[in-house]
Amino acid sequence: MSSTGRPGRPPAAPASLFAGGARRVARRLLGAVLVSEGPDGRTAGRIVETEAYLASGDPACHAHRGPTARNASMFGPAGSAYVYRIYGLHRCFNVVTGREGSGEAVLVRALEPLEGLDLMRRRRGRDAPRELCSGPAKLVEALAIGPGHDGLALDGGAALRLEARPRGARPRVVATTRVGISRAADLPLRFYLADSPWVSRR
DNA sequence: GGAATGATGTACT
DNA sequence: GTACATCATTCCG
């Protein structure tokens, strides 16, 4: 039982978790915990790898050419989710950042599995812990994130939410180029925890 | 209307 | 390291 907050209600993520541009939020989200309450149970993982997609000067950003039906939720308030389909098969999960309407987001690329490992195994059809959340589409499957989460606020009350890392924690972070893009491929907008074995790749 | 592409994962050589 | 599944979105004509 938690001694703070209302019973049954998890602590809300402080708004400061999402404040600022995608580059800053991408770094701040490292170490934060993503929690998913599915109908079949609860799963959670610590964010160890992110990528920033910027509102301007970034042709790899889905919002680069303005709002469309797909990227509409990217233009919502900071702290909401942007979930989209990729390659006809998979989905990726982003956290919207920046000023509302700017079209910035942070792609979450890998988690350290913390809770609900067996549930993740069933959803993923794999056994090895390393194979559960070490990629943007893998973690989406492991946490049962779906199109219904698109546009949802992640700041505390919903089935999908983020909890900030402990204040004062200063993890060592590596900045490098983003994965799987053809435009603006040289910008150092990918970030991961230097000491984490859970990142998708080095 | 039609064609190319994609913020990936998996299997195979 | 390479091949490919699979389809919504985007872009071109």
Side-chain angles (χ1 to χ4, degrees), chain A residues 18 21-30 32 34 43 45 47-76 78 80-98 102-113 120-152 154 160 162 173-193 197-202:
Chain A
F18 311 114
R23 199 188 310 251
R24 277 175 62 191
V25 176
R27 286 177 169 275
R28 194 183 300 129
L29 285 178
L30 294 174
L34 181 62
T43 47
I47 297 176
V48 299
E49 179 180 348
T50 58
E51 284 179 359
Y53 287 85
L54 307 183
S56 65
D58 183 10
C61 181
H62 285 180
H64 183 61
R65 294 182 189 271
T68 66
R70 175 179 69 163
N71 68 20
S73 58
M74 275 188 94
F75 293 85
S80 48
Y82 168 47
V83 179
Y84 71 95
R85 190 183 270 297
I86 181 80
Y87 295 115
L89 307 171
H90 311 294
R91 276 181 231 278
C92 294
F93 165 74
N94 299 250
V95 180
V96 175
T97 69
S102 65
E104 289 205 345
V106 173
L107 171 71
V108 178
R109 285 195 54 90
L111 305 176
E112 170 187 351
M120 292 184 188
R121 288 188 176 97
R122 286 199 290 280
R123 289 168 176 169
R124 290 274 301 127
R126 322 244 137 207
D127 212 43
R130 288 271 354 255
E131 293 305 314
L132 298 178
C133 297
S134 58
K138 294 180 183 178
L139 69 91
V140 159
E141 188 174 36
L143 269 62
I145 297 171
H149 293 106
D150 187 42
L152 198 78
L154 299 166
L160 189 63
L162 275 163
V173 173
V174 175
T176 181
T177 53
R178 296 174 293 185
V179 176
I181 56 171
S182 57
R183 293 171 302 188
D186 54 331
L187 300 180
L189 293 174
R190 172 173 175 247
F191 307 96
Y192 62 86
L193 296 181
W198 303 101
V199 301
S200 68
R201 67 169 284 245
R202 316 230 148 208

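Chain naming here is simple, since letters A, B, ... match the order of the sequence lines and numbering starts at 1 in each. Keep in mind it's a predicted model, so treat the numbers as computed, not measured.
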Q) Which dot-bracket string fits DNA chain B when only Watson-Crick or G-U wobble pairs with both atom distances under 3.5 Å count, crossing pairs get [ ], and | stands for a partner on a different strand? A) ||||||.|||||.
**Q.** Selection: residues 50-59 of chain A, any non-hydrogen atom under 4.0 Å of DNA chain C
**A.** none
Q. Within the structure shown, what part of the strands sits under 4.0 Å from A:A137 by heavy-atom distance: base, sugar-phosphate, or nothing?
A. sugar-phosphate
Q. Looking for any heavy atom pair under 4.0 Å, which part of the strands does A:R190 touch: base, sugar-phosphate only, or nothing?
A. nothing
Would you kindly give the [atom1]-to-[atom2] distance between [X] and [N], to the nearest whole Å?
| X | N | atom1 | atom2 | result |
| --- | --- | --- | --- | --- |
| A:I181 | B:dT8 | CD1 | P | 9 Å |
| A:R201 | B:dG9 | CZ | P | 12 Å |
| A:E131 | B:dT8 | CD | C1' | 13 Å |

(Q) Across nucleotides 4-13 of chain C, 5' to 3', mark each nucleotide with B, S or - according to how protein heavy atoms within less than 4.0 Å reach it. (A) -BBB-SSS--
Q | Note: A:E141-A:R124 ion pair, threshold 4.0 Å (strictly below) | A | yes
Q) Are A:E49 and A:R109 ion-paired here, with the side-chain N under 4.0 Å from a carboxylate O? A) yes
Would you say a side-chain N or O of [X] is under 4.0 Å from OP1 or OP2 of [N]?
| X | N | value |
| --- | --- | --- |
| A:R126 | B:dG9 | no |
| A:R124 | B:dT10 | yes |
| A:S182 | B:dG6 | yes |

Q. Is A:R201 positioned over the aromatic face of A:Y192, cation under 6.0 angstrom from the ring centre and no more than 45 degrees off axis?
A. no
**Q.** Euclidean distance, A:F191 CZ relative to A:L30 CG, rounded to 0.5 Å
**A.** 8.5 Å
Q: Would you please indicate if the ring centroids of A:Y53 and A:H62 are separated by under 6.0 Å?
A: no
